[in-house]
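Order of appearance sets the numbers: ligands from 1, and atoms from 1 within every ligand.
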Amino acid sequence: MTAVIQALTARPAWKALEAHHQKVRDLHLRELFATDPKRGARLTTEAVGVTLDYSKNRVTDETLGLLLQLAEESSLRARIDAMFRGEKINRTEDRAVLHVALRAPKGASILVDGQNVVPQVHAVLDKMADFCNRIRSGAWKGHTGKPIRNVVNIGIGGSDLGPVMAYEALKHYSMRSITFRFVSNVDGNDFVEATRDLDPSETLFIISSKTFTTLETMTNAQSARSWVLEGLGGDAGAVARHFVAVSTDAAKVSAFGIDTANMFEFWDWVGGRYSLCSAIGLSTMLAIGPDGFRALLHGFHQMDEHFRTAPFERNLPVLMGLLGIWYSDFFGAQTVAVLPYEQYLKRFPAYLQQLTMESNGKHVTLDGTGVACPTAPIYWGEPGTNGQHSFYQLIHQGTRLIPCDFIAFVEALNPLGRHHDILMANVFAQTEALAFGKTPEQVKAEGTPDWLVPHRVFEGNRPTNTILAQRLTPETLGKLVALYEHGVFTQGAIWSIDSFDQWGVELGKVLAQRIIPEVENEAEPDLGHDSSTNSLIRSYRRLKVRS
Ligand code: G6Q
C-alpha cells in the first residue's frame, strides 16, 4: 500500500476534533439525553445479530461526524481493502494479514503472492475435522489401545489465549467426556497441575506453536514427552499416538519427533493473536466438534463481511474503534474495561488484552516516526457481576475516566430460576448509573446528612457501550471476537501503525536465553550484566537447591 497519509495531527478532522473537544468535554450525558429523547434508539445499531448501544458515550452528532471524517482521512477504507486483498500490510515483517481468509467460505478466492489460499485453508479444516471425529468417536486409540479422554494444549501467547478463551466460552457445547487442559507457562507448576490426575495412556498433547521454537512451549513439550514415555514404559513409538502438532514449520515438528502426518498446518500470514480460526483452534474443534467449529468460523465471517462492506456510520467495529480513539486521544483515558455479563466469557478480557495491546501497543508509525498521541489503551476486566463488588467503585466515583464495554446475552445458556433476569438488570442498572449518576440534590432528598452528601454523590458521565446478542453460541463468539479484531484494525489504521508485528514480544523470546546458562552451569559464570542483575543471579545460584 503506497497511499501517502497525512500525519495524524495534521489531518483536518484531527484538528477539528481537538477544537470540538474543548467545546464538548464538559457536556454531561444527562444533558445529551434530556435534549434528545430518541438518543437511545438513534445511537443504537445492529448488524449480523449483534446490537451495539453507543448512546451512553460522550459524543454529539458533530463528534461522530468528525470521527467518521477522521476514518476517511486516515484511508481506513483503503487499508481494509488492502488487508482483504492479501497485500503485505504487516510491513515490518513483510507479510500479508489474512486471518479473514481462515473463515472465508469454500469457493472464495483470496490471493497471497498470486496464489488462492482458500483451498488450502479448507484442506486443513477437513483434515482437522477428520482427526477430531476419530478422537471424539474413540476410533483413535492411544499407545496401549485406549481411547483419548484427555486433551492438553501446550502453547503460549497467541497459541494459548485463543484456545483457552474459546474452550471456556463454549464449554456449554463441549464434549463433557473429554477433559481439556491448557499449559502455557514455563513455570513447572502449570504442567504438573495440568497433568497430575491424568492417565498418559488416555492423554493427547497438542503442541501448538507457529514457529515451533518458543522456549516455554518447547520446554513444556519436552516435559510432556518424558511424562508420556515414563508413563507408557519408555517406548518412543508412543509419541505418534499421543502427540500432534500445530505449526507453520514442518521441519521443526519432525525434528521434535512428531510425524508430520499428525501435523496441522497454518501459514505465516496468520498472526499468533489472530490464529484462533486456524489449526491453532484444534482443541476448540475437539471440544465442540467440527460443526460447532464451522459455526464459529461462520460467525467470524459474517462480521468480516460487515466490516468490509458496511458504511462506516453503521459499521460496528469502526464505530467502536473510533469511540476508543476519542477517549484515549482526546479525553486522555488510559484504560478500557471489558465487562462480560456471562460467566463463560471469563477469559475474554485476558484474550482481548493480547489482541488489543500486542497489536496497537506501538510507539512508532509505519514510516518509523514517533506517534503523536497515545496508542492502545490498557484493556482489563472481569465478568459481571463480580466486578461490581470490587473495582466498580473506582469506575463510579474515582478520579479516572474509564470507558467500559458491557457485553450481555438475552438468553441464558443454563436457565436457573430468576438468575438471568437479575444478571441483566445489573447490566442495565450499571450503565444507567454510570451515565447519569446521582446529583447532590438527589442525595439530599434521600435524607442524607450534609456532611455525607459529597461521599454519596455520583458524578455520572461515565461512558459505556452495551453489546447485546441473543445467546452465546459458537457463531456469536465468532462475531464478538471479529468485532474486536476489526476495532483494533480501525484504530491501528488511524494511528498509522503496524498492528500486526510484535517486536516487543520477540525481544522477550531472546532475553532469557543469555541468562539460562548463567543460572544452570555448574561453573561460576563471568557475569557481565549491571550490578543488580549480577547480584540477583549470584544470590539465586547460592541459594538454589541443586537437583
Ligand atoms: C502473537 C504473538 C505471540 C505468539 C507466542 C507464541 O501474536 O506473536 O503471542 O503467539 O509468542 O508463538 P509460537 O506460536 O511461535 O510458539
At a 4.0 Å threshold, what atoms of ligand 1 neighbour a non-hydrogen atom of [X]?
X    : value
E358 : 1 (C), 2 (C), 3 (C), 7 (O), 8 (O), 9 (O)
T214 : 12 (O), 13 (P), 15 (O), 16 (O)
R273 : 1 (C), 7 (O)
S209 : 13 (P), 14 (O), 15 (O), 16 (O)

*Check for a donor-acceptor pair, side chain of T214 on one end and backbone N or O of T217 on the other, with a separation under 3.5 Å.*
no
*Return yes if some donor-acceptor pair links the side-chain N/O of N360 with the main-chain N/O of T356 below 3.5 Å, else return no.*
no
*asked:* Looking at D126 and K106, is any side-chain nitrogen of the basic one under 4.0 Å from a carboxylate oxygen of the acidic one?
replied: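 A salt bridge is present here (some side-chain N lies under 4.0 Å from a carboxylate O).
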In the protein, what heavy atom is nearest to [atom], and what distance, to one decimal place, separates them?
atom                    : value
atom 12 (O) of ligand 1 : K509 NZ, 3.3 Å
atom 9 (O) of ligand 1  : Q354 NE2, 2.7 Å
atom 15 (O) of ligand 1 : T211 OG1, 2.6 Å
atom 10 (O) of ligand 1 : G158 N, 2.9 Å
atom 5 (C) of ligand 1  : I156 O, 3.5 Å

*asked:* Tell me if the aromatic rings of F409 and Y341 count as close, with their centers under 6.0 Å from one another.
replied: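 F409 vs Y341: aromatic centres not under 6.0 Å.
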*Is H122 close to P119 at the side-chain level, that is, under 4.5 Å between some pair of heavy atoms?*
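Not touching, per the 4.5 Å side-chain cut-off.
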*Does some side-chain heavy atom of M83 sit less than 4.5 Å from a side-chain heavy atom of R308?*
no
*Purely on distance, is any nitrogen or oxygen of S159 under 3.5 Å from one on ligand 1?*
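Indeed, backbone or side chain, S159 has an N or O that close.
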_Taking a cutoff of less than 4.0 Å between a non-hydrogen atom of the residue and any ligand atom, is E216 in contact with ligand 1?_
no
_Quiz question: by atom type and distance under 3.5 Å, do the side chains of T464 and Y54 form a donor-acceptor pair?_
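Their side chains do not contain a donor-acceptor pair, so the 3.5 Å distance test is not met.
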*asked:* Taking 4.0 Å as the limit for heavy-atom contacts, which would you say applies to K210 with ligand 1: side chain only, backbone only, both, or neither?
replied: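 Near ligand 1, K210 shows its backbone as well as its side chain.
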*Could you label the plane-to-plane angle of the Y484 and F348 rings as parallel, tilted or perpendicular, counting under 30° as parallel and over 60° as perpendicular?*
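Geometry flag for F348 against Y484: perpendicular rings.
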